[in-house]
Amino acid sequence: MAAQTRNKGSGLRFSPWNLLLIIPFWILLTPLYNRHDPTLFGMPFFYWFQFVGIAIGVTCTTLVYLGTRTKPATAPRREATDVDDLDEGSAR
């Protein structure tokens with residue numbers, strides 16, 4: 001019964017790596033920024049919106065770097081102590 005009451009989570013987990021997906025989705029929204037007005041310093045919206053995208057991309061990349069630089073790139077290896085530990089079908 002205790003195994004049934006244990007919270008397994010919602011399945012949705014936030015990872016800093018997900019921030020890197022913002023820019024590809026940002027650029028795919030071309031109909032959103034395919035216009036001339038409003039202008040900023042004489043530059044059409046189409047262009048300065050892309051410059052804002054560059055700034056957001058740099059910010060996201062920096063946040064991912066700062067959030068993941070202390071974490072190991074791979075999970076630590078667990079050494080098998082016996083051949084049966086390597087066998088997926090072994091019964092315990």
query: So does Phe46 have more than 12 non-hydrogen atoms from other groups sitting under 6.0 Å from CZ?
result: yes
- prompt: Do you know the tightest heavy-atom contact between Ile27 and Thr30?
  reply: O-OG1, 3.2 Å
query: Which atom pair, heavy atoms only, marks the closest approach of Pro24 to Leu20?
result: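 For Pro24 and Leu20, the tightest heavy-atom pair comes out as CD-O, 3.4 Å.
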Mind checking side chain to side chain contact (heavy atoms under 4.5 Å, CB included) for [X] and listing every partner two or more places apart, or none if nothing turns up?
X: Thr70; value: none
X: Pro38; value: Arg35, Phe45, Trp48
X: Phe25; value: Leu21, Leu28
X: Leu32; value: Leu29, Phe49

For the atom pair [atom1] ([X]) and [atom2] ([Y]), what is the distance rounded to the nearest 0.5 Å?
X: Ile23; Y: Thr61; atom1: CD1; atom2: OG1; result: 7.5 Å
X: Gln50; Y: Met43; atom1: CD; atom2: CE; result: 11.0 Å
X: Ile56; Y: Leu63; atom1: CD1; atom2: CG; result: 11.5 Å

field: ILVMFWY cluster, Leu66 and Val64 together (side-chain gap under 4.5 Å)
entry: no
